[in-house]
> 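I'd like to ask you about the structure that follows.
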Amino acid sequence: KAGVTQTPRYLIKTRGQQVTLSCSPISGHRSVSWYQQTPGQGLQFLFEYFSETQRNKGNFPGRFSGRQFSNSRSEMNVSTLELGDSALYLCASRHEQGAPLHFGNGTRLTVT
Amino acid sequence: AQKITQTQPGMFVQEKEAVTLDCTYDTSDPSYGLFWYKQPSSGEMIFLIYQGSYDQQNATEGRYSLNFQKARKSANLVISASQLGDSAMYFCAMRDSGNTGKLIFGQGTTLQVKP
């Protein structure tokens with residue numbers, strides 16, 4: 001079974017631009033969660049989607065948004081990029097409630 | 001509020017020896033789950049082991065075991081027979097109440113295995 005796939009692996013953007021990150025969950029997993037990892041703040045939860053509905057949201061500004069498609073694939077969008085948005089963005093999927101999260105390799109975003 | 005604390009920023013262990021990575025947690029929810037993940041330099045987070053708050057026995061997965069002491073609110077990871085490939089960052093995490101996909105992570109411990 002293929003794991004969680006995130007694209008692209010690396011991105012370089014300029015302040016003020018917007019970016020879209022993509023995540024394909026493990027086949028059969030309907031829950032997708034997104035996390036931001038930075039050296040200063042560590043791993044922080046962004047949001048979770050289940051069956052195309054946002055089920056939970058972390059404490060991030062509205063510039064961070066996401067969506068999930070009917071095939072469970074998910075996208076995350078960050079608008080009006082700031083330098084502080086530079087981070088590793090990790091996507092995770094899980095099969096059912098209580099099951100462990102399975103993470104992808106992440107997308108490393110650099111904002112200049 | 002729920003919190004995970006990992007007090008060891010970095011640790012060294014000799015190859016083939018056992019090592020314990022500390023994790024303490026704080027929650028008022030009687031039902032919770034505790035996870036350990038490994039993050040190599042490549043960036044991916046690899047699930048290692050899970051312990052539910054109502055599990056009677058400590059979880060084990062191959063060379064990984066979890067020393068769960070509920071009264072002390074600790075969930076230490078024990079790696080037996082360390083291998084060079086175990087060198088990585090290790091994160092302890094707690095599932096938020098409500099059984100969602102939200103995990104609260106500790107700051108992590110960097111483990112280096114010496115040959």
> Compare every heavy atom of B:Leu103 with every heavy atom of A:Phe45, then report the nearest pair and how far apart it is.
CB-O, 4.4 Å
> Mind checking the CD-CD1 spacing from A:Gln44 to B:Ile104? Nearest 0.5 Å is all I need.
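Rounded to the nearest 0.5 Å, the CD-CD1 separation comes to 11.0 Å.
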> Should we count CZ of A:Arg30 as having more than 12 external heavy atoms under 6.0 Å?
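Atom CZ in A:Arg30 is not packed in, count stays at 12 or less.
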> Answer yes or no: is there a side-chain heavy-atom contact under 4.5 Å between B:Met45 and A:His102?
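Of all side-chain heavy-atom pairs linking A:His102 with B:Met45, none is under 4.5 Å.
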> Please check if atom CD1 in A:Ile12 has more than 12 non-hydrogen atoms from other residues, nucleotides or ligands closer than 6.0 Å.
no
> Does the side chain of A:Leu101 come within less than 4.5 Å of B:Phe35's, by heavy atoms?
no
> If every non-hydrogen atom of A:Ser33 is compared with every non-hydrogen atom of B:Gly101, which pair is closest and at what distance?
OG-O, 3.3 Å
> Going only through I, L, V, M, F, W and Y residues with side-chain contacts under 4.5 Å, is there a path from A:Tyr35 to A:Val78?
no
> Measuring from B:Met89:CE to A:Leu43:CG, what's the distance to the nearest 0.5 Å?
9.0 Å
> Specify which of A:Arg55, A:Arg9, A:Gln37 makes the most heavy-atom pairs with chain B at under 4.5 Å.
A:Gln37
> Could you look at A:Leu88 and say if it's the side chain, the backbone, both or neither that has a heavy atom under 4.5 Å from chain B?
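Only the side chain of A:Leu88 comes within 4.5 Å of chain B.
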> Would you check if the side chain of B:Tyr50 reaches a backbone N or O of A:Ala99 as a donor-acceptor pair within less than 3.5 Å?
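No: the side chain of B:Tyr50 does not pair with the backbone of A:Ala99.
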> Under a 4.5 Å cut-off applied to non-hydrogen side-chain atoms, are B:Glu44 and A:Phe103 in contact?
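In short, these two side chains do not touch, never coming nearer than 4.5 Å.
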> Is it true that B:Leu84 and B:Leu111 fall in one hydrophobic cluster, defined by side-chain heavy atoms closer than 4.5 Å?
yes
> Is it the case that one hydrophobic cluster holds both B:Val78 and B:Tyr25, taking links as side-chain heavy atoms less than 4.5 Å apart, direct or via other members?
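Different clusters: B:Val78 never reaches B:Tyr25 through Ile, Leu, Val, Met, Phe, Trp or Tyr contacts under 4.5 Å.
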> Take atom NZ of B:Lys70 as the centre, draw a 6.0 Å sphere, and report whether it contains more than 12 heavy atoms from other residues, nucleotides or ligands.
yes
> Identify which part of A:Phe50 has an atom lying under 4.5 Å from any heavy atom of chain B, answering side chain, backbone, both or neither.
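For A:Phe50, there is no contact with chain B at all, as no heavy atom is under 4.5 Å.
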> Within a 6.0 Å radius of atom NZ on B:Lys3, are there more than 12 heavy atoms belonging to other residues, nucleotides or ligands?
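Counting neighbours around NZ of B:Lys3, 12 or fewer heavy atoms of other residues, nucleotides or ligands fall under 6.0 Å, so no.
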> Taking A:Leu21 as the starting point, is it possible to reach A:Leu83 by hopping between hydrophobic residues whose side chains are less than 4.5 Å apart?
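As far as the 4.5 Å side-chain criterion goes, A:Leu21 and A:Leu83 are connected within one cluster.
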> Is any side-chain heavy atom of A:Arg94 less than 4.5 Å from a side-chain heavy atom of B:Phe47?
no
> Is it the side chain or the backbone of A:Arg108 that comes within 4.5 Å of chain B heavy atoms, both, or neither?
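Neither part, no heavy atoms under 4.5 Å.
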> Quick one: what part of A:Leu90 sits under 4.5 Å from any heavy atom of chain B, side chain, backbone, both or neither?
side chain
> Show the nearest heavy-atom pair for residues B:Gln107 and A:Gln41, with the distance to one decimal.
NE2-O, 4.1 Å
> Would you say CZ of A:Arg15 has more than 12 non-hydrogen atoms from neighbouring residues, nucleotides or ligands within 6.0 angstrom?
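Atom CZ in A:Arg15 is not packed in, count stays at 12 or less.
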> Following the transitive rule for hydrophobic clusters with a side-chain heavy-atom cut-off under 4.5 Å over Ile, Leu, Val, Met, Phe, Trp and Tyr, establish whether B:Tyr64 and B:Trp36 coincide in one cluster.
yes
